[in-house]
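All remarks here apply to the structure that follows.
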Amino acid sequence: MREFPNRECKVSDASNIIYRPLSLDSRQIRIAYITKGSLSDPLEATLLRTSLDALPSYEALSYVWGKDQSVGKLTLNGHCIDITPNLQGALVQLRSSTEDRLIWIDAICINQEDPKERSKQVQLMREIYSNARRVIVWLGEEAKDTKAGVGFLKALEVHPSPKEHAADVLRTAPSDLTAMLNGIGELLLNRPYWNRLWIVQEVMCAKDLVV
């Protein structure tokens with residue numbers, strides 16, 4: 001199992017302190033400032049309460065929570081909370097080393113202990129994703145052949161004739177062909193992300209999408 005930072009923090013049962021109530025009759029949401037840091041620094045974030053009618057520039061994360069028990073840690077508004085390993089892996093990779101990053105993330109921007117708030121926020125999710133300047137798709141941690149597969153897909157993206165390039169690669173059978181095909185298959189077929197029904201809304205609403 002991958003080692004995560006923040007293992008030493010003690011989880012606080014303080015959702016009523018972490019989450020200032022949102023008005024259920026308004027279009028209020030929260031967005032998380034992910035504190036800048038290196039890969040090894042503890043994860044920290046603070047919540048910004050705002051409105052869909054007066055939004056700052058922000059990104060939105062599209063990911064899968066995962067079935068693993070919560071073992072990741074995040075210090076949120078000064079209190080340590082559990083998050084899933086997949087989310088912690090995403091935050092470790094997405095965190096900037098030079099500036100705080102403003103991202104909407106359902107697991108931490110919605111008070112999951114408040115059913116009424118959760119229901120209201122779900123109704124607003126289409127607007128949340130459509131108003132984000134960019135939607136980030138997180139497929140999960142890198143697997144053995146991920147780099148080879150991603151490298152091939154990126155080459156196709158910039159090549160003036162993708163079909164010809166793909167045919168040339170298959171015809172010449174480079175030494176890493178098996179790794180490329182395994183990496184593509186693993187990314188597109190074996191990731192739990194693709195089993196989520198919500199991805200249709202999250203991806204289709206995006207102004208700009210990055211994987």
Side-chain angles (χ1 to χ4, degrees), residues 2-12 14-15 17-20 22 27-66 70-112 121 124-142 146-147 150-151 153-154 157-158 193 199 202-203 205-211:
R2 175 175 173 168
E3 289 295 324
F4 291 112
N6 285 49
R7 282 293 183 85
E8 71 280 0
C9 73
K10 295 181 179 180
V11 175
S12 172
S15 62
I17 299 175
I18 297 172
Y19 295 99
R20 293 176 56 198
L22 299 176
R27 290 155 49 81
Q28 286 186 334
I29 65 170
R30 303 183 191 89
I31 310 176
Y33 275 108
I34 308 302
T35 305
K36 64 184 178 182
S38 68
L39 289 175
S40 60
D41 287 336
L43 279 172
E44 298 182 0
T46 56
L47 293 172
L48 168 69
R49 190 169 60 168
T50 185
S51 167
L52 284 170
D53 298 315
L55 287 169
S57 177
Y58 70 98
E59 299 167 288
L61 182 63
S62 176
Y63 71 110
V64 60
W65 282 31
S70 297
V71 296
K73 306 295 180 187
L74 168 69
T75 300
L76 182 63
N77 282 5
H79 297 271
C80 188
I81 64 169
D82 278 339
I83 57 176
T84 65
N86 192 47
L87 177 54
Q88 180 141 3
L91 294 180
V92 167
Q93 294 298 322
L94 296 174
R95 172 176 51 183
S96 171
S97 62
T98 59
E99 60 184 4
D100 295 348
R101 194 169 182 177
L102 192 57
I103 309 178
W104 186 87
I105 305 163
D106 60 351
I108 62 177
C109 293
I110 300 173
N111 183 358
Q112 301 297 326
Q121 292 292 295
L124 298 175
M125 284 177 64
R126 173 178 287 274
E127 289 188 76
I128 291 171
Y129 279 96
S130 63
N131 280 297
R133 67 177 179 85
R134 177 166 54 190
V135 173
I136 305 162
V137 173
W138 172 255
L139 297 179
E141 295 286 348
E142 185 178 291
T146 300
K147 283 186 177 179
V150 170
L153 294 175
K154 286 184 175 180
E157 182 181 9
V158 300
Y193 177 84
I199 66 171
E202 295 168 3
V203 170
C205 288
K207 295 176 182 175
D208 182 27
L209 191 72
V210 61
V211 180

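Not measured: the values here are computed from a predicted model.
Residues Ser97 and Lys36 share a closest heavy-atom pair of C-CB, 4.2 Å. The two residues Arg30 and Cys109 come nearest to each other via the heavy atoms NH1-O, 3.1 Å.
Put simply, the side chain of Leu48 does not reach to within 4.5 Å of the side chain of Thr46, judged on heavy atoms. Here the side chains of Thr35 and Asp41 are not in contact, with every heavy-atom distance at 4.5 Å or above. At least one side-chain heavy atom of Ile31 sits less than 4.5 Å from a side-chain heavy atom of Pro56. Side-chain contact between Leu52 and Leu124 is present, with heavy atoms from C-beta onward closer than 4.5 Å. Taking 4.5 Å as the limit, every side-chain heavy atom of Leu22 sits out of range of all side-chain heavy atoms of Asn111. Within the 4.5 Å cutoff, no side-chain heavy atoms of Leu74 are placed close to those of Leu87. For the pair Gln121/Ile29, a side-chain contact is recorded, criterion being any heavy-atom separation below 4.5 Å from C-beta on. Residues Arg95 and Asp100 form no side-chain contact, since every pair of their non-hydrogen atoms from C-beta on lies 4.5 Å or further apart.
Checked against salt bridge (charged side-chain N to carboxylate O under 4.0 Å, His left out), Arg134 has the following partners two or more places apart in sequence or in another chain: Glu59. Under the ring pair (Phe, Tyr, Trp, His ring centres under 6.0 Å) criterion, Tyr129 pairs with Trp104, sequence neighbours left out.
Here the CD1 atom belonging to Ile110 is positioned 6.0 Å from the CE atom belonging to Met125, to the nearest 0.5 angstrom. How far CD of Glu44 is from OH of Tyr33: 16.0 Å, rounded to the nearest 0.5 Å. Summarising the geometry, atom OH belonging to Tyr58 is positioned 12.5 Å from atom CD1 belonging to Ile105; distances are rounded to the nearest 0.5 Å. For the atom pair Lys73 NZ and Cys80 SG, the distance stands at 5.5 Å (nearest 0.5 Å). Rounding to the nearest 0.5 Å places CG of Leu47 at 6.5 Å from CD1 of Ile108. Rounding to the nearest 0.5 angstrom, the gap separating the CG atom in Asn131 from the CG atom in Leu55 is 5.5 Å.
A donor-acceptor contact closer than 3.5 angstrom is absent between the side chains of Asn77 and Tyr19. Judged by distance alone, the side chains of Arg101 and Ser96 never bring a donor and an acceptor atom under 3.5 Å apart.
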Please test Tyr63 against Asp106 for side chain to side chain contact (heavy atoms under 4.5 Å, CB included), starting from the C-alpha separation and ending with a verdict. CA-CA 10 Å; Tyr63 71 110; Asp106 60 351; 2.7 Å; yes
Could you walk me through whether Ile34 and Leu94 pass the side chain to side chain contact (heavy atoms under 4.5 Å, CB included) check? CA-CA 9 Å; Ile34 308 302; Leu94 296 174; over 6 Å; no
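Side-chain atoms of Asn86 come within 3.5 Å of backbone atoms of Val64 as a donor-acceptor pair (strictly under, hydrogens ignored).
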